[in-house]
Engineer: 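Below is a structure I'd like to ask you about.
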Number of protein chains: 2
Amino acid sequence: MSKLEEVADALKLLGDRNRLTIVALLQVKELCVCEIVDILKTSQPNISQHMRKLRDGGLVKESRRGQWVYYSLCLEDKPYILDILKEIPSQAALIEPAICETNDCCT
Amino acid sequence: MSKLEEVADALKLLGDRNRLTIVALLQVKELCVCEIVDILKTSQPNISQHMRKLRDGGLVKESRRGQWVYYSLCLEDKPYILDILKEIPSQAALIEPAICETNDCCT
DNA sequence: AATAGAAATAAGCAAATAATTATATTACTA
DNA sequence: TAGTAATATAATTATTTGCTTATTTCTATT
């Protein structure tokens, strides 16, 4: 696959509102699936499938801890994606209110 | 539309192999539709529709000159897209061989 | 005015994609 | 080891998208 195709594939991944939000959220801190589900207010399988695409595309990595799977960014070799994320307002405000109320996963 | 959605839309536009190639080509020089058709070896309506999407997304601007419509980049307010394009090898080599042989539009 | 070339638009179709619902897997806990 | 919570996978559906073919519009030329 050419470099151009590689970049096109990465941009296609980020060209989705939900996935771009997820990546922006992960820039604030690593999150587990159930937190992302809470924040984006969609179904668990939907997020799970988005995470798989992001992982297959090499944009995030997962780390299982107990019952929870935490995802974090994996962009060391893709500085141009960090430049894109700089363009987006921080999504930090979405994180606080959503979690720690009905979930145990962050205690 | 939020800033995040704006960026997602722009990335969706660039997340297509043909459109990303077109934008990379326009970084070398402005081109008319028939030249892009020659270079990408696809149909004229196909390119025409890609150009409309890129124009609607504010990534390129057109200038009609005679029978020909020339497109050029319009990225002053989107530096993060220039950062993306830096990641892609120059597509200049695609331009030379394709044009000026069967076309009049560059004479 | 008639013709020809360049580009745009319209209509149709197949493939890809995002989402949902249902089910399976994995890991913790009582 | 049964039960439960978190996540993944499978199957399905609806929508979107990229491309093709056919037609139209616009401009220049004769």
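Below, chain A is the first sequence line, B the second, and so on; all start at residue 1.
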Engineer: Any side-chain N or O of B:Thr42 less than 4.0 Å from the OP1 or OP2 oxygen of D:dT20?
Structural biologist: yes
Engineer: Could you state the atom-to-atom distance from CD of A:Glu35 to P of D:dA6 in whole Å?
Structural biologist: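 Nearest whole value for this atom pair: 11 Å.
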Engineer: For a 4.5 angstrom cut-off between non-hydrogen side-chain atoms, does A:Ile36 reach A:Met51?
Structural biologist: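 Result yes, sub-4.5 Å side-chain heavy-atom pair found.
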Engineer: Side-chain donor or acceptor of A:Gln44 under 3.5 Å from a matching atom on the base of D:dA8?
Structural biologist: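 In this structure, the two groups form a donor-acceptor pair.
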Engineer: Salt bridge (Lys or Arg N to Asp or Glu O under 4.0 Å) with A:Glu6: which residues, sequence neighbours excluded?
Structural biologist: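 Testing A:Glu6 for salt bridge (Lys or Arg N to Asp or Glu O under 4.0 Å), a comparison that skips the adjacent residues, returns none.
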Engineer: Please list, chain by chain and in numerical order, all residues satisfying salt bridge (Lys or Arg N to Asp or Glu O under 4.0 Å) with B:Lys53, sequence neighbours excluded.
Structural biologist: none
Engineer: Applying side chain to side chain contact (heavy atoms under 4.5 Å, CB included), can you list everything that pairs with B:Val33, at least two apart in sequence or on another chain?
Structural biologist: B:Val37, B:Gln44, B:Ile47, B:Tyr71
Engineer: I need the residues from residues 45-55 of chain B with at least one non-hydrogen atom less than 4.0 Å from DNA chain D; give them sorted by number, or say none.
Structural biologist: B:Pro45, B:Asn46, B:Gln49, B:His50, B:Lys53
Engineer: Within this structure, what is the CG-CD1 distance for the pair B:Leu31 and B:Ile39, rounded to the nearest 0.5 Å?
Structural biologist: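 Going from CG on B:Leu31 over to CD1 on B:Ile39, the span is 5.0 Å.
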Engineer: Return the CG to NZ distance between A:Asp83 and A:Lys78, rounded to the nearest 0.5 Å.
Structural biologist: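 These two atoms lie 14.0 Å from each other.
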Engineer: Under 3.5 Å, side chain of B:Glu87 to main-chain N/O of B:Ile84, donor-acceptor pair present?
Structural biologist: no
Engineer: Nearest whole Å is fine: how far is C:dA19 P from A:Lys41 NZ?
Structural biologist: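 Nearest whole value for this atom pair: 15 Å.
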Engineer: Going from CG on A:Leu94 to NZ on A:Lys41, what distance comes out if it is rounded to the nearest 0.5 angstrom?
Structural biologist: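 It is 8.5 Å, given to the nearest 0.5 Å.
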Engineer: What's the CG-P distance between B:Asp38 and C:dG5, to the nearest Å?
Structural biologist: 15 Å
Engineer: According to side chain to side chain donor-acceptor pair (under 3.5 Å), who are the partners of A:Thr42, at least two apart in sequence or on a separate chain?
Structural biologist: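 Checked A:Thr42 against side chain to side chain donor-acceptor pair (under 3.5 Å); matches are A:Asn46.
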Engineer: Over the length of the helix from C:dA1-D:dT30 to C:dA30-D:dT1, how much do the five-pair end axes diverge, rounded to 10 degrees?
Structural biologist: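 One end axis against the other gives 10°.
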Engineer: Assess the residue pair B:Leu4 and A:Gln91 against the criterion (side-chain contact (heavy atoms from CB on, under 4.5 Å)); give the C-alpha distance rounded to whole Å, side-chain angles, the decisive distance to 0.1 Å, and a yes or no.
Structural biologist: CA-CA 10 Å; B:Leu4 187 141; A:Gln91 303 294 305; 3.7 Å; yes
Engineer: Going by the salt bridge (Lys or Arg N to Asp or Glu O under 4.0 Å) test, which pairs reach into residues 54-64 of chain B, not counting sequence neighbours?
Structural biologist: B:Arg55-B:Glu62
Engineer: Quick one: which protein N/O atoms are closer than 3.5 Å to N/O atoms of nucleotides 25-28 of chain D? Pair and distance per line, please.
Structural biologist:
none

Engineer: Under 4.0 Å: is that the gap between some side-chain N or O of A:Tyr70 and OP1 or OP2 of D:dA6?
Structural biologist: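 So the side-chain polar atoms of A:Tyr70 never come under 4.0 Å of the phosphate oxygens OP1 or OP2 of D:dA6.
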Engineer: Round to the nearest Å and state the distance from B:Trp68 atom CH2 to C:dA8 atom C1'.
Structural biologist: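 One finds 17 Å between C1' of C:dA8 and CH2 of B:Trp68, rounded.
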Engineer: Can you list, pair by pair, the side-chain donor-acceptor contacts under 3.5 Å of residues 7-26 of chain B, counting residues two or more places apart and other chains?
Structural biologist:
residue	atom	partner	partner atom	Å
B:Asp16	OD2	B:Asn18	N	3.0
B:Asp16	OD2	B:Arg19	N	3.0
B:Arg17	NE	A:Glu5	OE2	3.0
B:Arg19	NE	B:Leu13	O	2.7
B:Arg19	NH1	B:His50	ND1	3.1
B:Thr21	OG1	B:Arg17	O	2.7

Engineer: With sequence neighbours left out, what residues match B:Glu30 under side chain to side chain contact (heavy atoms under 4.5 Å, CB included)?
Structural biologist: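 Partners of B:Glu30 by the side chain to side chain contact (heavy atoms under 4.5 Å, CB included) criterion, ordered by chain and then number, come out as B:Arg65, B:Tyr70, B:Ser72.
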Engineer: Please work out which residues in residues 4-20 of chain B have a non-hydrogen atom less than 4.0 Å from an atom of DNA chain D and list them by number.
Structural biologist: B:Lys12, B:Asp16, B:Asn18, B:Arg19
Engineer: Reckon A:Ser43 has a side-chain N or O less than 4.0 Å from the OP1 or OP2 of C:dT20?
Structural biologist: yes
